[in-house]
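To start, the structure itself, in structure tokens.
Every value quoted in this text rests on a predicted model; they were computed, and no experiment measured them. A note on names: the letters A, B, ... follow the listed sequences, proteins ahead of strands, and every chain is numbered from 1.
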There are 2 protein chains.
Amino acid sequence: MSVFAHHTHDFASDPDTALAAADAFFQKTGVRFTPLRRRVFEIILRAGKPIGAYDILERLRDHGKIAAPISVYRVLDFLIEQRFVHRLATINAYMACVTPEDPHAAQFLICQSCGSVTEISDQAVDKAIAEGARTAGFRVSYPLVEIMGVCADCARDGKA
Amino acid sequence: MSVFAHHTHDFASDPDTALAAADAFFQKTGVRFTPLRRRVFEIILRAGKPIGAYDILERLRDHGKIAAPISVYRVLDFLIEQRFVHRLATINAYMACVTPEDPHAAQFLICQSCGSVTEISDQAVDKAIAEGARTAGFRVSYPLVEIMGVCADCARDGKA
DNA sequence: ACGGCATTTGTTATATTGTATCATGCGTGC
DNA sequence: GCACGCATGATACAATATAACAAATGCCGT
Ligand SMILES: [Zn+2]
Ligand SMILES: [Zn+2]
Ligand SMILES: [Zn+2]
Ligand SMILES: [Zn+2]
């Protein structure tokens with residue numbers, strides 16, 4: 001049976017709380033959480049689901065900001081580096097981490113029917129990967145696990 | 001401890017054997033293994049490591065073939081569908097499957113130092129993922145596992 | 001406050017990866 | 001031969017990501 005990390009806050013479901021937490025975190029660490037970085041993070045949070053870099057760009061422009069793709073990608077790199085955002089390689093999209101202040105290996109359940117993505121942190125998966133890599137003499141820096149399929153809601157509704 | 005699938009042939013290391021096996025397989029199944037499809041597969045095999053779609057295109061052209069990207073992508077879709085090729089989402093590249101005739105969930109060890117990729121089939125990883133997804137009520141269609149890190153060779157040589 | 005320095009952002013241009021659409025070829029069976 | 005289905009060609013374009021250099025901004029020691 002799998003063991004999931006316990007989350008007291010699900011940041012992704014409450015943008016305001018997540019933003020406040022980010023403010024506090026960066027205040028504490030002294031890392032610069034500039035207006036642009038904050039706005040991009042807010043856009044990602046309010047999207048409520050994975051969002052593409054060019055969608056972020058559009059929403060920046062909606063807010064009167066003239067920006068180029070590179071600006072968005074730079075901020076994304078920053079947010080990923082700071083563990084507040086995950087990148088989903090399979091669908092070229094970005095989403096807010098549910099527990100940014102707790103270092104973790106994550107797995108993503110990507111629904112091919114409705115496009116929703118659920119972040120989980122299953123230690124059994126992480127342990128199995130670590131062990132498999134170790135057997136091959138491979139030193140893991142980042143284990144990417146993106147599980148394509150159909151979410152519970154869509155399966156129930158027979159959408160797929 | 002991890003359990004690896006046992007391979008009598010490592011197709012990726014012997015292009016001629018792999019091609020002959022593919023010929024036989026498609027002969028048997030009646031699926032059309034056209035000259036273009038065969039040539040693309042051969043290019044992927046001879047690359048010996050993951051290769052990008054546009055690199056495949058270049059090599060097609062080297063062989064006097066005038067082709068457009070779409071042709072390559074169509075063939076790639078076919079080869080992936082037939083399980084002879086895997087796509088690596090993390091690095092946007094394609095590589096030959098080591099055991100195409102044996103349906104399997106695969107994991108990929110991607111070396112960030114030398115670019116080599118090793119395909120493994122660790123049942124413990126696959127089981128853990130299946131169990132984690134089941135707990136979330138998620139129906140898995142394709143579990144993508146791409147493990148970034150440093151391979152044994154590079155770690156030994158201190159390349160990273 | 002000022003000057004020097006590092007970091008961040010802007011600007012412009014370009015690279016890389018992947019698709020859409022319609023036309024053409026080509027083999028299989030009637 | 002002809003109709004059909006599948007594979008490929010041809011042309012155009014969309015989507016994603018990066019390079020290179022300039023300008024702005026914040027930080028820090030004086
Ligand atoms: Zn996370
Ligand atoms: Zn769904
Ligand atoms: Zn394989
Ligand atoms: Zn290596």
Side-chain angles (χ1 to χ4, degrees), chain A residues 22-23 26-44 47 50-61 63-82 84-95 110 115 144 146 148, chain B residues 22 26-27 29-44 47 50-61 63-82 84-95 110 112 115 144 146:
Chain A
D23 285 333
F26 287 116
Q27 181 70 29
K28 190 175 60 190
T29 61
V31 175
R32 292 176 59 189
F33 196 43
T34 65
L36 180 62
R37 288 168 174 174
R38 191 174 193 279
R39 190 157 12 175
V40 168
F41 186 46
E42 185 178 5
I43 288 170
I44 293 170
I51 181 174
Y54 279 76
D55 288 334
I56 293 170
L57 187 57
E58 256 184 49
R59 300 198 192 182
L60 271 180
R61 287 172 172 160
H63 288 276
K65 186 83 185 164
I66 305 157
I70 185 74
S71 292
V72 173
Y73 283 104
R74 282 192 290 225
V75 170
L76 286 171
D77 286 346
F78 168 83
L79 292 171
I80 290 167
E81 176 82 15
Q82 296 294 323
F84 277 74
V85 165
H86 293 290
R87 169 174 153 79
L88 298 164
T90 306
I91 58 176
N92 294 318
Y94 305 83
M95 70 183 294
I110 304 173
L144 183 141
E146 298 182 10
M148 311 302 291
Chain B
F26 287 115
Q27 182 68 31
T29 62
V31 175
R32 291 177 58 188
F33 196 42
T34 64
L36 179 63
R37 288 168 174 174
R38 191 175 193 278
R39 190 157 11 174
V40 168
F41 186 48
E42 185 178 7
I43 288 170
I44 294 170
I51 181 174
Y54 279 75
D55 288 334
I56 293 171
L57 187 56
E58 257 183 49
R59 299 198 193 181
L60 271 180
R61 286 173 173 159
H63 289 273
K65 186 83 185 164
I66 303 158
I70 186 73
S71 292
V72 172
Y73 283 104
R74 282 193 289 227
V75 170
L76 285 172
D77 286 345
F78 168 83
L79 292 171
I80 290 167
E81 176 83 14
Q82 296 294 322
F84 277 74
V85 165
H86 292 291
R87 168 173 155 78
L88 297 163
T90 305
I91 57 176
N92 296 317
Y94 305 82
M95 70 183 293
I110 304 173
Q112 291 168 313
L144 182 141
E146 299 182 9

How long is the line joining [atom1] of [X] and [atom2] of [N], in whole Å?
{"X": "A:Asp77", "N": "C:dT7", "atom1": "CG", "atom2": "C1'", "result": "15 Å"}
{"X": "A:Leu36", "N": "C:dT7", "atom1": "CG", "atom2": "P", "result": "18 Å"}
{"X": "A:Ile91", "N": "C:dT17", "atom1": "CD1", "atom2": "P", "result": "20 Å"}
{"X": "A:Arg38", "N": "C:dT9", "atom1": "CZ", "atom2": "P", "result": "14 Å"}
{"X": "A:Leu57", "N": "C:dT9", "atom1": "CG", "atom2": "P", "result": "15 Å"}
{"X": "B:Leu76", "N": "C:dT19", "atom1": "CG", "atom2": "C1'", "result": "14 Å"}
{"X": "B:Ile70", "N": "D:dC6", "atom1": "CD1", "atom2": "C1'", "result": "15 Å"}
{"X": "B:Ile66", "N": "C:dG25", "atom1": "CD1", "atom2": "P", "result": "15 Å"}

Using a cut-off of less than 4.0 Å, is there contact between a side-chain N or O of [X] and OP1 or OP2 of [N]?
{"X": "A:Lys65", "N": "C:dG10", "answer": "yes"}
{"X": "A:Arg87", "N": "D:dT16", "answer": "no"}
{"X": "B:Thr34", "N": "D:dT8", "answer": "yes"}
{"X": "B:Ser71", "N": "D:dG9", "answer": "yes"}
{"X": "A:Asn92", "N": "D:dA15", "answer": "no"}

- Mutual orientation of the aromatic rings belonging to B:Phe26 and B:Phe33 [parallel < 30°, tilted 30-60°, perpendicular > 60°]: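 Ring orientation, 0 to 90° scale: parallel.
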- Item | Qualifying residue for side-chain contact (heavy atoms from CB on, under 4.5 Å) with B:Val40, from B:Thr34, B:Leu79, B:Leu57 |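 Of B:Thr34, B:Leu79, B:Leu57, side-chain contact (heavy atoms from CB on, under 4.5 Å) with B:Val40 is met by B:Leu79 alone.
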- Message: Just to be sure I understand the rule, does B:Phe33 reach a base, reach only the sugar-phosphate, or reach nothing, if contact means heavy atoms closer than 4.0 Å?
- Response: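 Answer is nothing: B:Phe33 stays at 4.0 Å or more from every strand.
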- Message: Can you identify which nucleotide, out of C:dA20, D:dA17, D:dA7, has its nearest atom closest to the B:Arg37 side chain?
- Response: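 Nucleotide nearest to B:Arg37's side chain: D:dA7.
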- Message: Taking the minimum atom-to-atom distance to the side chain of B:Tyr73, which one of C:dT19, C:dT12, D:dT8 wins?
- Response: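 My answer, after comparing the listed nucleotides, is C:dT19.
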- Message: For a side-chain contact (heavy atoms from CB on, under 4.5 Å) check, start with the C-alpha distance between A:Leu144 and B:Leu144, then their side-chain angles and the critical distance, and finish with the verdict.
- Response: CA-CA 8 Å; A:Leu144 183 141; B:Leu144 182 141; 3.2 Å; yes
- Query: Can you find an N or O donor on one side and an acceptor on the other, under 3.5 Å apart, linking the side chain of A:Arg74 with the base of C:dG10?
  - Reply: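 Yes, the side chain and the base share a sub-3.5 Å donor-acceptor pair.
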- Is the ring of A:Tyr54 stacked on the base of D:dT16, with centres less than 5.5 Å apart and planes under 30° off?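 Yes, A:Tyr54 stacks on the base of D:dT16.
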- Query: ring-ring contact (aromatic ring centres under 6.0 Å, His included) with A:Phe41: which residues, sequence neighbours excluded?
  - Reply: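 Counting only residues at least two positions away or on another chain, A:Phe41 forms a ring-ring contact (aromatic ring centres under 6.0 Å, His included) with A:Phe84.
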- Upstream residue (5' side of DNA chain C) when B:Arg32 and B:Pro69 are each assigned their closest nucleotide: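 Looking at DNA chain C, the more 5' nearest nucleotide goes with B:Pro69.
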- To the nearest 0.5 Å, tell me how far A:Ile110 CD1 sits from A:Thr90 OG1.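 Those atoms lie 4.5 Å apart.
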